[in-house]
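Written out below as structure tokens is the structure these notes cover.
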Amino acid sequence: MNRNLPKWVDLGLIPLLTLLLAFSVSGLVVLSIGQNPIRVVQVMLQGAFRPIDGIGQTLFYTTNFIFTGLAVAVAFHARLFNIGGEGQAALGGVGVTLIMLSYDWPHWTVALLVGSLAAMVFGAAWAAIPAYLQAKRGSHIVITTIMFNLIAGALIGYLLTGPLQADGSLPESATFPPAAALPNMYEILGWFGIPFDRFGLVNITVFIAVLAAFLIWVLIWKTRLGYEMRAFGHSEKAAIYAGISPMKITMVAMLISGALAGLMAVNTVQGEAERLVLGAVEGAGFIGIAVALMGRSHPVGVVLAAFLFGILAQGGAELQFELGIPAQMIMVIQALIIMFTGSMENMVRIPLEKIFLTTGKKGAA
Amino acid sequence: MSENSENAGRLDAVAPAIELIGISKAFGPVQANKDISMTVAKGAIHGIVGENGAGKSTLMSILYGFYKADAGAVKINGVPTQINDSHDAIAAGIGMVHQHFMLVDNFTVLENVVLGAEEGATLGPSLRKARKELKRLAEEYELDVDPDAVVEDISVGFQQRVEILKALYRQAEILILDEPTGVLTPDEADHLFRILRNLKEQGKTIVIITHKLREIMDVTDTVSVMRRGEMTKTIATATTSPEDLAEAMVGRRVLLEVSKSPAQVGETVMQVIDLSVTDMFGVKRLKNVSLELKRGEILGIAGVAGNGQSELLEVLSGIGAAQSGEVNMQGEVLDISPKANAGMRRARGIGHVPEDRHQRGLVMPFMTWENTAFGYHNAPEYSGRFGLANQRYMMEDARGKMQRFDIRPPNPQLVASSFSGGNQQKIVLAREIERNPDVLLVGQPTRGVDIGAIEFIHQQIVNLRDAGKAILLVSVELDEIQALSDRILVMFDGVIQGERMPEDTNESELGLLMAGVDPEAKS
């Protein structure tokens, strides 16, 4: 009676086939601008995995996407579509900047802890307002979070040309104290005597991202809060029947989601730039939506999907550099992947269901 | 269509109206119809009975062109007919009245009848033609409906007539009705049966799908029984009995009556005083309802769906709020403001088997072990170390419940949606009953539940009563109310229309109360 597909098909084969489809169509697009798709793939993969500066950069992007992908995924379990990762991450950056500049932090460990907390609090606070409006007033969270992205952009523009602007004409904050700088991956591996690319931007935050993914997995599937979130996500009526407060779940899920998005700032603002600059989030908030969709809101899926998008981000930059393919091209490929994995999944799923369920029947008969 | 029937008439005067030959249909691994053959004589009323999932609706959907059969053939009036969609069905003279009406609520009756059968670029001529035709049909078949009434303003019984009119307007010779009395009062159902008999006299052929055996006995000429996708029996109604039909449906002898000893009624546990509920549109759903619920009794609340029973259950279970009134339980006043929630009620010893197990009682994609703790998941026994849930205990607990309530298949890892309706309901019941509540609120306990499981569920409710608990039973099935209740309240339009003892009343009296008529006031 069970109409479900085997797990390996659901979680393995379907994403793989949709990806292949997306890449095939992308190949056609590449052909149409007179480039050789095979060469393009070569350049992208080399760019993304090259030992000097490539892999480090890929993992740097991956870290961003893990945070924003988890943010979307967590909210999605409570059926809240948080489109506001972009703004929440931006505010996380404000939090990091304020706390870093307020005190001469003695050691990076303290700075990392305090910076992470500040990023989470600010990201969560930025998510709290749309969450409250949704829970209390029924204002649709998709609309409000999109609007809050715009407000966040304007707010940062103001801060960097006003209160937070360092001396000089650039819209940037002052640089953080040197002791607050986070160890880069080549330093970390250096402690163990392993040589690593010194130019990639990946830093200690990547471990925080993986830890966050694990903790989110525990939260969703092992705690009662996660249980309540999932119940609410599947059926609000059932949640109310069970005495679960929709207000509480909406708030908590969005606070966790905002905090995760905010954490991204630890990677970019504290780890990379060591100051707040304009456009520090660079669309990672939106890519998080694709990552969560592709990773089917499962932390492991999110980490894998984030890695894929990390490869695309770094490899895409390389395409521009090596072959002169415009950056927009890589956005086309990303869009195709999002389209195929997110909204056109049924194109693959339905034929597969036919194949598996009919052969299953024959096996049983 | 008319050509077909004329030809058929000439070819063979006694050709059956419907002939299904070897129909098979599978959905994935599920064989919904297995090699089904069925013949319905012209001018007959034919019933199809069977449990949920027996394949009745699938079979009729094939006849109406919603599904395409994997194998088999259809003959209408002796002529092989290919029915690929509802247009083909209508062309072949087949009309269908669905269980859930397919009407546009904010259109008038006339507009609904014409919808999809308009001719020409402007509506005027079609509407005029339809108006004339409706008048004729109303006179001929006792099918009077105001053609200018807006559908959402008329009662369910009238809405159903609109559905029948739609089919007749499209010149249906064969009418299929899917669970036609599910939403009707006994009175409305009687009227429907009169209409059907009139239609039959005019030579129309009627197929009724139902799970109510009494209706089958009342109105049909022949009856077919389906079980697990197969047609197990076709028989003249006059030569069978409800017991035989039930046995053919379930595959074993079934007790249609509930065996229970006289109630040992104790002191009052719950007291509802002047409870009133106004919904978000400002409509009064509950008007000064008062009742008392005592230990050791099953208090049945009868009524047609939508007369305030749901709101009563919602307030008592903490899901909904009341604007005025009071609820006392064992001397303590319960919070009925919007601040109340279902958790508070559970803490006070009120269990709740909700009317809608799909939306409320279960989380469909949750596994059974997650569902058997649902609502009680914050109880100490379900919590483990470090604030995590004690999943091992939850699993063990689910296994025990599945065994004690005979839930099949007994695998706690299966998601709720993979169980049959009866087993799903047993999951809810096991969860609520095993918490040993002082008061159990039960809504539609056997809706969409197969006959075999009904027997079991009724027995569990009676056992709980015998253990001295108070049970408030809400059901739209009058049979169920009569079989289980120790005392009956009838609700109509948010008011308790009357109170009766089951031994001192009968179906027609209750039916009148359900329709808002007070039989005593009349006499």
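Heavy atoms only: backbone and side chains are in, while hydrogens, waters and symmetry mates are out. Chain letters run A, B, ... following the sequence lines, proteins first, then strands; residues in each count from 1.
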### Query
Is the distance between the ring centroids of A/Phe81 and A/Phe76 less than 6.0 Å?
yes

Segment of [X] engaging chain A (4.5 angstrom heavy-atom cut-off):
{"X": "B/Arg346", "result": "side chain"}
{"X": "B/Asn378", "result": "both"}
{"X": "B/Gln359", "result": "both"}
{"X": "B/Phe366", "result": "side chain"}

### Task
Just do the salt bridge (charged side-chain N to carboxylate O under 4.0 Å, His left out) check on B/Lys401 and B/Asp397 with the steps written out, would you?
CA-CA 6 Å; B/Lys401 283 175 177 153; B/Asp397 176 56; 3.1 Å; yes

### Query
Step by step, would you call B/Tyr382 with B/Tyr393 a ring pair (Phe, Tyr, Trp, His ring centres under 6.0 Å)?
CA-CA 7 Å; B/Tyr382 292 128; B/Tyr393 177 76; 5.7 Å; yes

### Query
Do B/Leu472 and B/Leu440 come within less than 4.5 Å of each other through their side chains, counting heavy atoms only?
no

### Message
Please rank B/Ser420, B/Ser383, B/Ala373, B/Ala340 by heavy-atom pairs under 4.5 Å with chain A and give me the top one.
### Response
B/Ser383

### Task
Considering only heavy atoms and a distance below 4.5 Å, find which of B/Leu362, B/Leu388, B/Asp356 pairs most often with chain A.
B/Leu388

### Query
Strictly by modelled atom types, are B/Asn371 and B/Gln424 linked by a side-chain donor-acceptor pair under 3.5 Å?
no

### Query
Is there a donor in the side chain of B/Asp70 and an acceptor in the side chain of B/Ser24, or the other way round, less than 3.5 Å apart?
no

### Task
Kindly check if the number of other-residue, nucleotide or ligand heavy atoms within 6.0 Å of OH (B/Tyr67) is above 12?
no

### Task
Give a yes or no on whether A/Tyr132 atom OH has more than 12 heavy-atom contacts from other residues, nucleotides or ligands under 6.0 Å away.
no

### Query
Any salt bridge between B/Asp406 and B/Arg408, counting N to O under 4.0 Å?
yes

### Task
Take B/Glu230 and B/Asn33 through the side-chain hydrogen bond (donor to acceptor under 3.5 Å, both in side chains) test and state the conclusion after the steps.
CA-CA 6 Å; B/Glu230 287 176 275; B/Asn33 284 165; over 6 Å; no

#### Entry: Backbone N/O of A/Gly226 and side chain of A/Thr223: donor-acceptor pair under 3.5 Å
yes

### side chain to side chain contact (heavy atoms under 4.5 Å, CB included) between B/Lys25 and B/Phe27, worked out
CA-CA 7 Å; B/Lys25 173 76 188 170; B/Phe27 297 102; 3.7 Å; yes

### Query
Where along residues 228-253 of chain A does a heavy atom come under 4.5 Å of chain B, listed by residue number?
A/Glu228, A/Arg230, A/Ala231, A/His234, A/Ser235, A/Lys237, A/Ala238, A/Ala239, A/Ile240, A/Tyr241, A/Ala242, A/Gly243, A/Ile244

### Query
For chain A, which residues from residues 308-323 of chain B lie under 4.5 Å away (heavy-atom distances)?
B/Ile319

